[in-house]
Amino acid sequence: MTFQSTFLAACRRQPVAHTPIWVMRQAGRYLPEYRELRSKVDFEALTRTPELAAEVTLQPLRRFELDAAILFSDIMTPLQGMGVDLTFEPGPVVRDPIRTDAQIDALPQLIPERDVPFVLESIRLIRPQLPRGAPLIGFAGGPFTLLCYLVSGRPSKEFGVARSFLYSQPRSAERLLDHLGDAMAAYLAAQAAAGAQALMLFESWAGLLAPAQFSRFALRAVRRTMSALRQRTDVPLIYYVNQGSALMGTLSDLDVDVIGVDWRSPLGEVSKVLGPGKAVQGNLDPAALFAPPEELKHHADEVLRQGRAAPGHIFNLGHGIWPETPPEAIARLVDHVHERTANP
Ligand code: CP3
């Protein structure tokens with residue numbers, strides 16, 4: 001009998017032996033073994049050295065019975081491959097923020113095999129080492145989220161510079177987004193060809209946009225990426241929209257398998273708006289991992305209860321895990337989700 005991944009089955013809205021769980025940012029600073037490695041090697045070197053990127057990707061799966069791995073890299077890595085000069089401090093800082101058409105025109109196409117070969121090599125190294133048949137998720141940043149960093153030049157709460165760019169230079173913004181949308185399609189298709197078994201687009205800053213701006217700018221570019229990917233691969237596609245409660249209605253006809261949801265809206269309500277064609281991924285508040293153990297179970301049960309309203313549910317946090325989180329909380333969460341949802 002071939003092993004059926006619960007994660008891939010849930011993405012495809014098929015029956016599962018238990019609700020699958022993985023954790024956004026599951027490889028990272030809350031793990032002592034990551035901090036240990038990171039004390040010797042800087043973040044970029046970790047992402048650029050396939051053996052180390054593979055090691056860090058696998059660390060959380062050795063500790064916890066997670067149902068999927070996610071490639072250790074960053075949303076800005078392919079932009080460096082396109083020649084964008086940036087550093088991680090630890091958030092991305094772009095040396096020459098992009099504000100003009102000349103800069104947009106000067107951005108080259110991304111050719112993943114040439115520009116980021118180490119990412120593809122990491123995937124090839126990870127695949128045969130994955131425990132328990134867990135699949136590997138490849139990822140990229142949503143075009144609008146990448147625009148936020150490229151135009152603002154650094155992390156920001158409101159990304160006012162990037163958001164005003166949409167109004168002051170809408171045509172330039174569309175051109176930049178088209179370019180990024182095409183580049184991320186090439187990047188993700190190459191990840192799938194190298195062995196990634198699902199692909200996720202992180203739209204971390206979508207919630208800054210009003211629905212009309214979201215549709216015109218962010219979603220238009222995502223449609224471009226996703227429809228290109230549908231032509232080139234049949235792995236499940238996931239679109240994570242942070243702070244996207246007001247935007248869910250515009251996503252029901254986006255051609256993806258799964259919508260990732262932050263913790264602010266209950267999954268049952270979200271699923272009603274998305275309709276029967278989408279599985280959901282989420283959405284425990286990362287802060288809930290600081291609750292006493294019995295309370296944490298209660299919060300997880302509520303997420304599971306809400307998730308049952310959707311045609312497929314992948315348990316996750318609503319956003320990335322915080323570096324201060326005790327690893328034992330993740331161990332308890334993973335075991336609880338599996339025990340609570342196991343079918344005899
Ligand atoms: O385990 C995983 O999820 C894979 C690794 C991963 C990283 N970044 C590693 C990282 C993933 C999926 C990302 C995506 C990412 N990067 C996003 C989208 C997801 C989200 O959280 O909204 C965004 C917005 C970025 C941009 C970015 N990179 C920021 C804001 C920061 C600094 C803040 C932070 O969380 O550390 C980074 C650096 C970064 N990316 C680190 C890690 C582990 C920290 C580097 C270090 O070890 O010092």
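Atoms within a ligand are numbered from 1 in the order they appear, just like the ligands themselves.
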Would you call [X] and [Y] a salt bridge, taking side-chain N to carboxylate O under 4.0 Å as the test?
X	Y	result
Asp257	Lys278	no
Glu33	Arg63	yes
Asp178	Arg220	yes

Would you mind running through ligand 1 and noting each atom that sits below 4.0 Å from a heavy atom of [X]?
X	result
Ala27	1 (O)
Tyr34	43 (C), 46 (C), 47 (O)
Arg38	46 (C), 47 (O), 48 (O)
Gly91	29 (C), 31 (C), 32 (C)
His319	20 (C), 21 (O), 22 (O)

Do Val256 and Leu229 sit in one hydrophobic cluster, given that two such residues count as connected whenever their side-chain heavy atoms are within less than 4.5 Å of each other, even indirectly? yes
Under a single-linkage definition using a 4.5 Å side-chain heavy-atom cutoff for Ile, Leu, Val, Met, Phe, Trp and Tyr, are Leu247 and Met200 assigned to the same hydrophobic cluster? yes
Just need the protein heavy atom nearest to [atom], so name the residue and atom and give the distance.
atom	value
atom 14 (C) of ligand 1	Ile75 CG2, 3.7 Å
atom 38 (C) of ligand 1	Pro90 O, 3.3 Å
atom 40 (N) of ligand 1	Asp74 OD1, 2.8 Å
atom 9 (C) of ligand 1	Ser73 O, 3.2 Å
atom 34 (C) of ligand 1	Arg29 NH2, 3.1 Å
atom 12 (C) of ligand 1	Phe139 CZ, 3.5 Å
atom 41 (C) of ligand 1	Phe43 CE1, 3.7 Å

Do Tyr34 and Phe72 make the cut of ring centroids closer than 6.0 angstrom? yes
Can the ring centres of Trp322 and Phe290 be said to be less than 6.0 Å apart? yes
Consider ligand 1: state whether an atom of it lies below 4.0 angstrom from any non-hydrogen atom of [X].
X	value
Tyr240	no
Leu71	yes
Gly141	no
Asn242	no
Met76	no

List in chain and number order the residues that pass salt bridge (charged side-chain N to carboxylate O under 4.0 Å, His left out) with Arg154, two or more places apart in sequence or in another chain; answer none if no residue qualifies. none
Under 4.0 Å from ligand 1, counting heavy atoms only, is it the side chain of Thr145, its backbone, both or neither? neither
Residue-level breakdown please: for Pro92 versus ligand 1, do any non-hydrogen atoms fall below 4.0 Å on the side chain, on the backbone, on both, or on neither? side chain
Select the closest option to atom 24 (C) of ligand 1 among Phe72, Trp322, Tyr149, judged by heavy-atom distance. Tyr149
Best match, Arg25, Met24, Glu203: closest heavy atom to atom 35 (O) of ligand 1: Arg25
Polar-atom distance check: Ser204 versus ligand 1, any N or O pair below 3.5 Å? yes
Please verify the inter-ring angle class for Tyr149 with Trp205; under 30° counts as parallel, over 60° as perpendicular, anything in between as tilted. perpendicular
So, Asn242 and Ser204: side-chain donor and acceptor under 3.5 Å apart, yes or no? no
Consider only side-chain N and O atoms of Thr87 and Glu89, and report whether a donor and an acceptor are under 3.5 Å apart. yes
Interatomic spacing from CE in Met184 to CZ in Phe202 - rounded to 0.5 Å: 14.0 Å
Matching residue for Phe64 among Leu31, Asp335, Val23 - test: side chain to side chain contact (heavy atoms under 4.5 Å, CB included): Leu31
